[in-house]
There are 2 protein chains.
Amino acid sequence: MSVSLRPSEALALWHDVTLDLVRDGGHDFSSRQITILLTIYLEPPPHTVRGLAAKLKVTKPVITRALDTMGALDLVTRRRDETDRRNVIIQRTVKGALFVEKMGDIIVARAKELPR
Amino acid sequence: MSVSLRPSEALALWHDVTLDLVRDGGHDFSSRQITILLTIYLEPPPHTVRGLAAKLKVTKPVITRALDTMGALDLVTRRRDETDRRNVIIQRTVKGALFVEKMGDIIVARAKELPR
DNA sequence: TCCAATTGTTACGGAGGCGTTATAGTTTGG
DNA sequence: CCAAACTATAACGCCTCCGTAACAATTGGA
């Protein structure tokens with residue numbers, strides 16, 4: 001238990017950060033895409049298409065398409081699971097790690113300058 | 001100046017909240033749409049298409065289309081500015097206010113249960 | 001062995017977003 | 001009073017995403 005935020009502060013923070021992402025980010029990701037990216041980079045591996053789909057309560061093609069998009073941007077990679085070749089293991093990339101790190105910095109900076 | 005967050009906490013918070021929005025929200029808004037909605041509900045009126053476009057650094061049709069979408073969902077409304085009929089004033093709705101309020105509650109709740 | 005179950009992907013038609021450009025309505029200044 | 005400036009929106013072709021359904025590859029149990 002930990003970060004104490006009032007609703008108005010919480011919304012102001014969300015507003016400021018998404019504004020930064022829109023203005024400076026270059027990309028315009030949906031909530032689904034953001035969630036998939038952060039899950040891959042924050043939760044312990046391995047990550048599979050089925051696992052992500054279950055966690056987000058969406059269908060598998062949604063995950064496949066999001067991986068296609070973010071793979072084309074070099075934010076994630078896919079690899080066959082050799083122990084069970086039906087599975088696909090989703091892996092992190094240097095570029096993706098930098099992207100997520102930058103996002104963390106934006107949130108921290110905006111939280112710091114929040115009026116209260 | 002105020003909310004102290006470390007990068008890992010910031011990202012975990014973002015992940016948890018977007019996950020809630022994806023799973024329970026029903027909608028899958030883009031960063032642009034979220035920013036537009038929060039700007040309307042957090043910053044003092046009046047809001048115009050031109051003003052929002054300038055703030056977000058996007059073209060005006062982007063704003064018009066977003067207002068079409070959120071208007072169809074009854075999250076915002078439009079009204080002609082009678083003092084200068086070229087302008088359109090974007091207004092809040094009860095449904096939109098409830099949506100934003102719920103979003104604030106989600107962020108607060110996720111911040112509270114953040115491990116640190 | 002072979003067939004049912006499970007994996008991820010592709011195909012399909014439809015819906016909606018994009019940027020650019022064109023348009024209609026309104027205001028303002030010479 | 002009228003042309004230039006400014007507002008928001010519509011139209012265009014393109015692209016990406018959606019959900020459903022079909023699919024190929026792989027596994028494991030009867």
Side-chain angles (χ1 to χ4, degrees), chain A residues 18-19 21-40 45-92, chain B residues 18-19 21-40 45-92:
Chain A
T18 50
L19 182 56
L21 293 178
V22 167
R23 285 203 287 214
D24 313 325
H27 310 299
D28 184 32
F29 294 129
S30 69
S31 299
R32 287 180 174 184
Q33 291 171 315
I34 293 283
T35 307
I36 292 170
L37 189 66
L38 290 181
T39 299
I40 294 167
H47 298 289
T48 64
V49 172
R50 169 152 187 77
L52 290 173
K55 178 177 293 280
L56 274 69
K57 289 186 184 170
V58 297
T59 59
K60 288 190 293 177
V62 166
I63 304 296
T64 295
R65 281 189 294 255
L67 294 179
D68 288 343
T69 303
M70 315 198 121
L73 296 172
D74 200 28
L75 296 177
V76 297
T77 316
R78 278 182 275 203
R79 178 177 57 93
R80 274 285 159 196
D81 179 356
E82 292 302 332
T83 74
D84 183 343
R85 292 186 49 77
R86 288 174 302 183
N87 292 328
V88 160
I89 306 293
I90 296 118
Q91 293 186 294
R92 305 167 184 173
Chain B
T18 50
L19 181 56
L21 294 177
V22 167
R23 285 202 286 212
D24 312 326
H27 311 299
D28 185 31
F29 295 129
S30 68
S31 299
R32 288 181 173 185
Q33 291 171 315
I34 293 283
T35 307
I36 292 170
L37 190 66
L38 290 181
T39 300
I40 293 167
H47 298 288
T48 64
V49 172
R50 169 154 186 75
L52 290 173
K55 179 178 291 284
L56 275 70
K57 290 185 185 170
V58 297
T59 59
K60 288 191 291 181
V62 166
I63 304 297
T64 295
R65 280 187 294 256
L67 294 179
D68 288 343
T69 301
M70 314 199 121
L73 297 172
D74 198 29
L75 297 177
V76 297
T77 317
R78 278 181 275 203
R79 176 178 58 95
R80 272 285 158 198
D81 179 357
E82 291 303 331
T83 75
D84 183 342
R85 293 184 49 76
R86 286 173 302 183
N87 292 327
V88 160
I89 306 292
I90 296 116
Q91 294 186 292
R92 305 168 185 173

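Atom set for the values below is all heavy atoms of this structure, side chains included, hydrogens, waters and symmetry mates excluded. Within every chain, numbering begins at 1; the chains are lettered A, B, ... in the order of the sequence lines, protein sequences first and strands thereafter. This one's a predicted model, so the numbers in the text were calculated from it and none came from an experiment.
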Name the closest nucleotide to the [X] side chain, picking from [options].
| X | options | answer |
| --- | --- | --- |
| A/K60 | D/dT9, C/dC18, C/dT7 | C/dT7 |
| B/P61 | D/dA8, C/dG8, C/dT20 | C/dT20 |
| B/R86 | C/dT6, D/dA21, D/dC6 | D/dC6 |
| A/T69 | D/dC17, C/dT9, D/dT27 | D/dC17 |
| B/R85 | C/dT26, C/dT20, D/dG19 | C/dT26 |
| B/R32 | C/dG8, C/dG19, D/dT9 | C/dG19 |

Looking at A/T64, does any N or O in its side chain come under 4.0 Å of the phosphate oxygens OP1/OP2 on C/dT9?
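So the side-chain polar atoms of A/T64 do come within 4.0 Å of the phosphate oxygens OP1 or OP2 of C/dT9, strictly under.
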
Phosphate OP1/OP2 of D/dT16 contacted by A/Q33 side-chain N/O (<4.0 Å):
no

Partner of A/I40 under side chain to side chain contact (heavy atoms under 4.5 Å, CB included), chosen from A/T35, A/L67, A/L75:
A/L67

Nearest whole angstrom, please: distance from the [atom2] of [N] to the [atom1] of [X].
| X | N | atom1 | atom2 | answer |
| --- | --- | --- | --- | --- |
| A/H27 | D/dC15 | NE2 | P | 18 Å |
| B/L73 | C/dA15 | CG | P | 16 Å |
| B/L52 | D/dA8 | CG | C1' | 13 Å |
| A/I63 | C/dT9 | CD1 | P | 10 Å |
| B/I36 | C/dG17 | CD1 | C1' | 12 Å |
| A/R79 | C/dG8 | CZ | C1' | 15 Å |
| B/L56 | C/dG19 | CG | P | 12 Å |
| B/N87 | D/dT9 | CG | P | 10 Å |

Assign each of A/R80 and A/A66 to its nearest nucleotide of DNA chain D by heavy atoms, then name whichever residue's nucleotide is nearer the 5' end.
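Nearest nucleotide further toward 5': that of A/A66.
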
Given that B/T48 and A/T83 both sit by DNA chain D, which one's nearest nucleotide is further toward the 5' end?
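Closest to the 5' end, via its nearest nucleotide, is B/T48.
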
Quick one: label [X] by what it contacts on the DNA or RNA (base, sugar-phosphate, nothing), any heavy atom closer than 4.0 Å.
| X | answer |
| --- | --- |
| B/D84 | sugar-phosphate |
| B/S30 | nothing |
| B/E82 | nothing |
| A/R65 | base |

Side chain of B/D28, backbone of A/R32: donor and acceptor closer than 3.5 Å?
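Confirmed, B/D28 side chain pairs with A/R32 backbone.
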
Please determine whether the number of non-hydrogen atoms from other residues, nucleotides or ligands lying under 6.0 Å from atom CZ of B/R50 exceeds 12.
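Atom CZ in B/R50 is not crowded, with 12 or fewer foreign heavy atoms closer than 6.0 Å.
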
To the nearest 0.5 Å, how far apart are CG in A/D68 and CZ in A/R78?
4.5 Å

Is any side-chain heavy atom of A/F29 closer than 4.5 Å to a side-chain heavy atom of A/L73?
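Yes - at least one pair of side-chain heavy atoms lies under 4.5 Å apart.
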
If each of A/D28 and A/R78 is mapped to the nucleotide of DNA chain C with the nearest heavy atom, which maps nearer the 5' terminus, i.e. the 5' end?
A/R78

Just one of B/R80, B/R85, B/R79 clears the side-chain hydrogen bond (donor to acceptor under 3.5 Å, both in side chains) bar with B/E82, so which one?
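The residue from B/R80, B/R85, B/R79 that satisfies side-chain hydrogen bond (donor to acceptor under 3.5 Å, both in side chains) with B/E82 turns out to be B/R85.
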
